[in-house]
Amino acid sequence: MHSRSSALVGAAPSHAIDPDDIGYNTTDNPSLETLVAARLSRRSWLRGGLGTAGAALLGSVGLSACGGGGDGDPAAPVAPAQLGFNAVAKSRADALVLPAGYTASVLYRLGDPIAAGVPDYRNDGTDAAATYDRRAGDHHDGMSFFGLSDSGAWNAAATARGLLAMNHEAITPAFLHPAGQTVSGSGNAARRTVADEVLREFYLHGVSVLEVARTGSGNGRWSYARDSRFNRRVHTLTPMLLSGPAAGSAALVTKYATDGRRTRGTVNNCANGTTPWGTYLTCEENWAGYFRRIAATDNPRRSAKELTAFARYGVAGTGRELWATVSPDTSDGLYGRWNAEATGASAAADYRNGPNTYGWVVEIDPFNPDSTPRKRTALGRMGHEGACLGPVVAGQPLVWYMGDDSRNEYAYKFVSTQPWNPADAAGGLAAGDKYLDSGRLYVAKFNADGTGAWLELRLGVNGITSSSGVYPFADAADVLIHARLAADAADATKMDRPEWTAVNPKNGDMYLTLTNTNAASRPIDRTDAANPRFYNDPKGTSQTAQLGNPNGHVVRLADTGRDPAATTFRWDIYLFGARATASADVNLSNLTADNDFSSPDGMWFSQATPGLLWLQTDDGAYTDVTNCMMLAALPGQVGDGGARTVTNVSGGTTRTQSTVVGAAPGTSLRRFLVGPRECEITGIAESGDGRALFVNIQHPGEDTAPDFANPASFGSHWPDGGSARPRSATIVITKDDGGKIGV
Ligand code: FEO
Ligand code: CA
Ligand code: CA
């Protein structure tokens with residue numbers, strides 16, 4: 001989500017702050033400006049020997065990258081030579097814009113019922129709070145399609161019926177209640193006074209699983225089954241297991257689970273991932289902001305280690321939705337569990353460790369609505385954006401690539417201990433126990449010469465010791481619970497806000513969106529080869545976001561030998577966001593009116609059309625010209641460009657920065673969709689045949705303070721039109737001739 005203005009009754013000051021905009025990494029790590037910039041040449045860059053041999057190797061085994069649900073016929077697809085549509089123009093209309101020959105329909109909106117007997121959503125803030133556990137959540141985000149067989153099992157080849165699992169990251173509180181959140185008092189004394197409003201919000205976060213089906217052929221109409229037995233909401237009250245090496249740690253003990261092996265709920269579910277056994281991974285991103293912890297009160301009660309961790313993860317403040325303030329609390333701590341202060345005699349008597357039970361990758365089995373989701377602690381605790389599955393090869397470990405979204409955070413990968421056995425493809429959560437509870441966690445270090453290293457986060461290596469000056473690590477659980485601090489100790493490379501990861505099924509290249517950063521987080525003398533730009537964007541709508549790298553970029557890497565378990569890699573920058581009118585040192589990818597964009601975030605490779613990349617934006621810098629958008633691309637591979645020196649200018653300061661830039665995209669990058677006003681485009685999935693594309697439109701109209709006496713003033717009325725309140729929603733895009741989308 002990008003910044004939104006508070007439109008609330010009473011005071012909820014945290015709403016004015018975009019949690020994504022806050023960085024908590026104050027370490028000095030890799031400022032590559034301290035390294036001698038390596039002299040790059042195209043010849044040395046290509047010496048790693050990737051390219052056709054590696055691609056052929058991977059092509060021969062068939063890949064199943066993070067699309068999940070995947071392709072029904074991995075042997076058949078041939079990479080397209082070019083995109084099959086004309087680019088759409090930038091737009092500020094309150095409408096979806098699509099290329100000629102495509103149609104979008106609205107599938108699943110905020111509040112839509114997913115169980116028999118639940119009334120249609122009135123969308124005026126009066127729907128009964130107790131029904132929201134059977135309604136669509138708010139702020140639709142990462143999403144996966146799982147083909148459904150006639151017998152109700154996972155079948156990646158099923159194309160016309162499936163389960164759609166999707167995240168509901170956050171809420172636009174202004175539109176959920178009759179006239180915004182009811183709050184009394186201000187500052188630390190601000191209180192939520194209507195418990196039903198808070199209950200709605202508890203349910204509106206989390207995950208949806210719903211059954212969808214197509215009637216007719218390729219361009220037939222998609223709808224969801226309102227009464228399917230598979231339909232499920234997972235939300236902030238859903239019981240969950242803490243699984244893997246950190247489970248049972250003293251740092252996970254709460255009044256709710258004194259054994260440290262369970263917790264309640266998931267929150268701020270951002271991007272997603274999949275597994276080779278048909279389960280869904282939902283990733284907890286800006287969870288820290290939901291907790292109340294008034295530092296002046298609580299700090300004197302906490303250890304030095306705890307205070308270091310709170311500062312690094314940003315656990316301080318009133319809690320963005322003030323959930324902990326409802327009084328009286330229930331006997332099971334429905335509200336009080338959002339208070340992370342040490343109020344009791346021990347951790348077993350309060351929720352001081354509540355924040356440690358969030359920040360994980362959570363596995364959900366969409367085919368078993370009664371199953372208990374599992375928080376996979378082996379993948380580390382951070383602001384998880386997403387977890388993209390790498391190439392799946394029998395006999396080789398499984399790999400997931402992950403971004404930690406805040407300014408100056410890192411890129412990670414997890415490599416399973418167990419080699420993949422295709423016999424586990426129907427293993428459900430038991431397979432998750434096997435592959436996701438044991439493995440190696442790495443963080444990325446990008447060298448100036450276009451090489452890089454995956455640094456293992458394990459006690460005793462890479463500076464992660466009990467005597468570390470960053471944080472005295474006690475054991476394996478301490479390292480995973482404080483993965484950010486371990487990455488600091490390992491000297492990883494600070495990035496310009498890592499968002500989604502994606503893996504190209506054609507060659508295994510891993511792409512990472514770096515959505516943007518600002519001058520405070522990366523001043524002109526702190527650029528590095530992997531985060532090379534600093535400039536003044538001329539017409540940004542937010543003054544504070546103009547200076548630095550407000551339009552973001554996309555870095556990509558190839559693990560050495562095309563082995564995803566390798567601990568070294570080569571990288572380049574695939575793409576830079578920019579206005580087409582910007583100077584050559586800013587518009588480094590030579591973007592044109594057909595493909596200029598800002599702040600890449602969502603990103604996903606089609607599985608049905610190998611090589612086809614979808615890129616989505618969450619922008620606040622180019623919004624003077626266009627709403628957020630989705631582009632299609634046919635990228636090349638790591639190393640298809642060469643060395644480049646960027647001249648950065650700020651005021652009277654000029655500095656040069658060496659980097660490695662991929663081949664300019666040209667017409668292989670085109671704008672495919674522009675969304676309605678004040679939305680973010682995020683979350684994408686496809687039917688197994690690639691003939692239906694599911695896309696999430698998040699938080700239309702969130703920036704304009706609503707005047708409820710004058711509904712026409714709302715910043716957006718999408719998708720219902722008229723004077724309706726805006727709603728986050730899933731759309732389905734089909735091609736009018738029934739063909740594959742985008743090609
Ligand atoms: Fe939830 Fe980083 O976007
Ligand atoms: Ca995102
Ligand atoms: Ca974002």
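Counting from 1, the numbers follow the sequence of the chain as shown. Worth knowing before you read on, the calculation uses all heavy atoms, side chains too, and leaves out hydrogens, waters and symmetry mates. Atoms within a ligand are numbered from 1 in the order they appear, just like the ligands themselves.
Rounded to 10°, the angle formed at the Ca ion (ligand 2) by OE1 of Glu499 and OE2 of Glu385 is 70°. The Ca ion (ligand 3) forms the vertex of an angle spanning OD2 of Asp618 and OD2 of Asp601; to the nearest 10 degrees it equals 100°.
Both tests do not hold together for Arg376 against Phe414: distance to the six-membered ring centre under 6.0 Å, angle to the ring axis within 45°.
Ring planes of Trp323 and Trp338: perpendicular class, angle over 60° (limits at 30 and 60°).
Between Arg200 and Asp138 there is no salt bridge, since none of the side-chain N atoms of the basic residue sits less than 4.0 Å from a carboxylate O of the acidic one. Remark: Asp528 engages Arg522 in a salt bridge, criterion side-chain N to carboxylate O under 4.0 Å. Using a 4.0 Å cut-off between charged nitrogen and carboxylate oxygen, Asp496 and Arg533 do not count as a salt-bridge pair.
Backbone or side-chain N, O or S atoms of Glu169 reach atom 1 (Fe) of ligand 1 at under 2.8 Å. For the Ca ion (ligand 3), the set of nearby N, O or S atoms under 3.0 Å includes none belonging to Glu680. Coordination check, Glu285 versus atom 1 (Fe) of ligand 1: passed, since an N/O/S atom of the residue sits under 2.8 Å.
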